[in-house]
Number of protein chains: 2
Amino acid sequence: MGALDEGHFNGELENGVKLINLEVCDEEEVEATAAIEGAVKVLLQGLGEDVNREGLKKTPSRVAKALREGTKGYRQKAKDIVQSALFPEAGLDSGVGYAGGTGGLVIVRDIDLFSYCESCLLPFQVKCHVGYIPSGQRVVGLSKLSRVAEVFARRLQEPRRLAEEICSALDSGIKPAGVAVVLQCWHIQFPEADRNCFTQIHHPSEMNMQGWSKVSVRFGLGLFANEGSEAWGDFLALLKFRGFNVEKNHTKYPTSHHWCPFRSLDAPSCNGHASTHIPLNGRTPSRTGPSQPAMVAAVAMILNSLGEDPSRKEFVSTPRHFVQWLTKFRRPNMDMKLNGFDFDQFKPRLQKNMNDVDNSILDQAKGAEPVERSRLQSIAHFHGWKLQVQERLSRQIMETVAMIFGEDVMVVVEASHTCMVSRGIEKVGTSTATIATMGRFSTDPTAKAMFLQTVSDCTASGG
Amino acid sequence: MGALDEGHFNGELENGVKLINLEVCDEEEVEATAAIEGAVKVLLQGLGEDVNREGLKKTPSRVAKALREGTKGYRQKAKDIVQSALFPEAGLDSGVGYAGGTGGLVIVRDIDLFSYCESCLLPFQVKCHVGYIPSGQRVVGLSKLSRVAEVFARRLQEPRRLAEEICSALDSGIKPAGVAVVLQCWHIQFPEADRNCFTQIHHPSEMNMQGWSKVSVRFGLGLFANEGSEAWGDFLALLKFRGFNVEKNHTKYPTSHHWCPFRSLDAPSCNGHASTHIPLNGRTPSRTGPSQPAMVAAVAMILNSLGEDPSRKEFVSTPRHFVQWLTKFRRPNMDMKLNGFDFDQFKPRLQKNMNDVDNSILDQAKGAEPVERSRLQSIAHFHGWKLQVQERLSRQIMETVAMIFGEDVMVVVEASHTCMVSRGIEKVGTSTATIATMGRFSTDPTAKAMFLQTVSDCTASGG
């Protein structure tokens, strides 16, 4: 059967996406899942991890499930979704005008989506707004606009292509007078990437998306083909009702550049200088584990099991990028320093300027003896860049801080877990927090309350 | 098998909830769905609708699917979810303190849930915050806190009981030092209900929840049993980090009162006077359709098909409330007025005070000849209180306004569709908008843009 919906078929011709048979039988599902699990084991071993330790035993199967779930759009037909939900709806009875099934703009705003970046395989977050202008006395069930958007989000993507594919699928499915898509996308930052290479606007502070990169894209067909058209004017005005100002937020990123921070590591940077290139570390992180080329091959195998062609040009560097990201979880220098070689540099020093004291997620209140923010950050990063659980992370940061600075320590870790979203649990906007206390903070409720109040005040003032 | 998780089993003993066999086979599923579909047809016919018209043909199956999906918590075991995700996690290595698997508070905030009100069968929206303090060097996978909350949300509920059931299930599953739940719940208002009968705080303006009632509840066990405890202090402080101030938002509603607006119709109102009682209309809305007692019986049958016992005391008035809600979609007085009997009262009148002109979701800009807000509201309500699609609603409002006031009309309808959430598509926070234009607004882009700008300004200023 001609297995793909038109939207994706368009994408395929442009981007060389491999055709996928939608009739995935159980056997193929089991096979693909097993292949991904095997590849994840290779990656974990490459990081020097024991794949049989309690916390990791189920990780391969969890990752496989999340990836299959997050890319199930390859096995869905957008066209079917739309065509089963088209229904006749009258236009105006009389007079000149636009409404109902003929000419009245219809939009759905604030659709929360989740996708995987085709350049690095990390998940990214999407807020999607879709609009169309019905024609031919025919409208589509409103929930179908989100469902079609979701089909294309659940593939390996890039913001511009995602917008185009959603638009094309709705255009061919509904045959409207016009259709338009606006996307706001957030991608995890890579610490060493050139952060100035593309638009980087922080998320509204309440979502605490510091360290995420953002781009906004829009795409339209029919009456929306021209960005200055009346139809776009109406759409953007309705987005403004909900506080989203496209003029302010829509900074086009140059087509010659990629939004993924890993791509900016490969390419010459915006200002013409070559950006810092993070080389793949030649040595094997663990003496007995698989080599990095083996890890890269494992990621290519994952792409293949998701139904993509790893040789497609967009994917050439993807396995390497993903392994780069993973190997960040091993930082030999930090490791050595914290395992007894260089503890001295972490010894407390009286801070000249109280304003420099850390007011970020990691906080430590020691009254008269403030410690340097950068030292605390190093400790937090050291424990953060591991395969972790948040409860352990809080404890380990606290224990390290206590070892160096003394016993009265309190740590609050604030986080949002992409795993909770990407694994189909789909609670975008959910956040977690953990508290760890030692010494005075564990025995004196007033000290603890004061610490929490201080963090809260700093958060409120945008610190 | 002893089919229920402990949390719900506790609830069962307290509330007389019927035991449900979790091993629902396909046959039972088909049977329950068919029974609900049959009952929905009775309801539609009772409203005088033609169940074979295009827009309604799939409605019974959609409603059945939504209700089964929305109550699938009856067929899930919270205990299994928790127990498969408990894992060992060390506490502090040395020293006095609380962290990791022993004593460090862990919270998950802003879990968006959806539930059905046991008193009227309408959906209500929930923002849920869960916290627990691990003990015995054991923690639970963080995503499981949302999943357990979801199991209990997907049953017919009431906020206080929902909080208690989530807490009890986590308590018996994790055996922590303490567990606590804070819920913010929004319920659709019933226009004639006594709106002052319980806490009614508007949702943050960006979510546009005017006309919804809100209550906040909290419940805790173990270290959270006492609301003034240190554990609660920590939890509330962490909620404050995300802008949720419990002290400000937590208004206890008296246990003698119910949050559901329909219950306040039954009970004497807060100020001691009997509230306006909406009687069931004795006459059959349609001459050929089922009677109202038949409709009430149909709703009781739906409760039964969802696995509940319609004779349980919480459900005694539920079928009647739901039919009351549905029959709002037939308003014979309005009907007569708008079908030719009393058009005169809608004739335009010059408004003395420009500030009275409607700046709500229905807007009409006629330059020098403003019309009364109440007239426009009546028209919007008349067309709104029908089984509708938003595109048609915009058109019908516009056509009626044009018929009475003249041909230059523009209508913007803003909405959020609970159907998109309750049918498992799960896009909380999504909103829709439709535009309809006639006369000058359809030919003069500047007039249209000015209208949109005016609405936008009114929205921004809280109008």
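Labels below follow one simple rule: chain letters A, B, ... track the order of the sequence lines, proteins then strands, and each chain is numbered from 1. All values derive from a computational prediction rather than experimental measurement. All values below were derived from every heavy atom in this structure, side-chain atoms included, with hydrogens, water molecules and symmetry-related copies excluded.
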Q) Quick check: are there more than 12 heavy atoms from other residues, nucleotides or ligands sitting under 6.0 Å from CZ of A:R440? A)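 No, not enclosed.
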
So which atom in [X] and which in [Y] form the shortest heavy-atom distance, rounded to 0.1 Å?
X: A:G91; Y: B:E399; result: O-OE2, 4.3 Å
X: A:A433; Y: B:R109; result: CB-NH2, 3.8 Å
X: A:R395; Y: B:A99; result: CB-CB, 3.8 Å

Among the listed options [options], the residue most often paired with chain A at heavy-atom distances under 4.5 Å:
options: B:G439, B:P134, B:A90, B:C128; answer: B:A90
options: B:G104, B:P445, B:A237; answer: B:P445
options: B:H129, B:K58, B:E89; answer: B:E89

Does any heavy atom of chain A fall under 4.5 Å from the side chain of [X], the backbone, both, or neither of them?
X: B:Y132; answer: side chain
X: B:S394; answer: neither
X: B:Y98; answer: both

**Q.** Contact winner vs chain B - A:V389, A:V106, A:L452, A:I435, heavy-atom pairs under 4.5 Å
**A.**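 Among the listed options, the one with the most contacts to chain B is A:I435.
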
Q) Looking at A:T437, A:T434, A:V130, A:T443, which makes the most heavy-atom pairs under 4.5 Å with chain B? A)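 The candidate making the most pairs under 4.5 Å is A:T437.
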
Q. Excluding sequence neighbours, so at least two apart, what forms salt bridge (Lys or Arg N to Asp or Glu O under 4.0 Å) with B:K57?
A.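 B:K57 satisfies salt bridge (Lys or Arg N to Asp or Glu O under 4.0 Å) with B:E54 only.
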
Q. In chain order, what residues pass the salt bridge (Lys or Arg N to Asp or Glu O under 4.0 Å) check against B:R53, with sequence neighbours excluded?
A.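 For B:R53, the residues satisfying salt bridge (Lys or Arg N to Asp or Glu O under 4.0 Å) (neighbours in sequence not counted) are B:E49.
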
Q) Going through the distances and angles, do A:V139 and B:R392 end up as a side chain to side chain contact (heavy atoms under 4.5 Å, CB included)? A) CA-CA 10 Å; A:V139 298; B:R392 192 183 311 143; over 6 Å; no

Q. Distance from A:K448 atom NZ to B:E230 atom CD, nearest 0.5 Å?
A.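 Here the rounded value is 3.5 Å.
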
**Q.** Rounded distance [0.5 Å steps], CD in A:E414 versus CG in B:L238
**A.**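 That separation rounds to 6.5 Å.
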
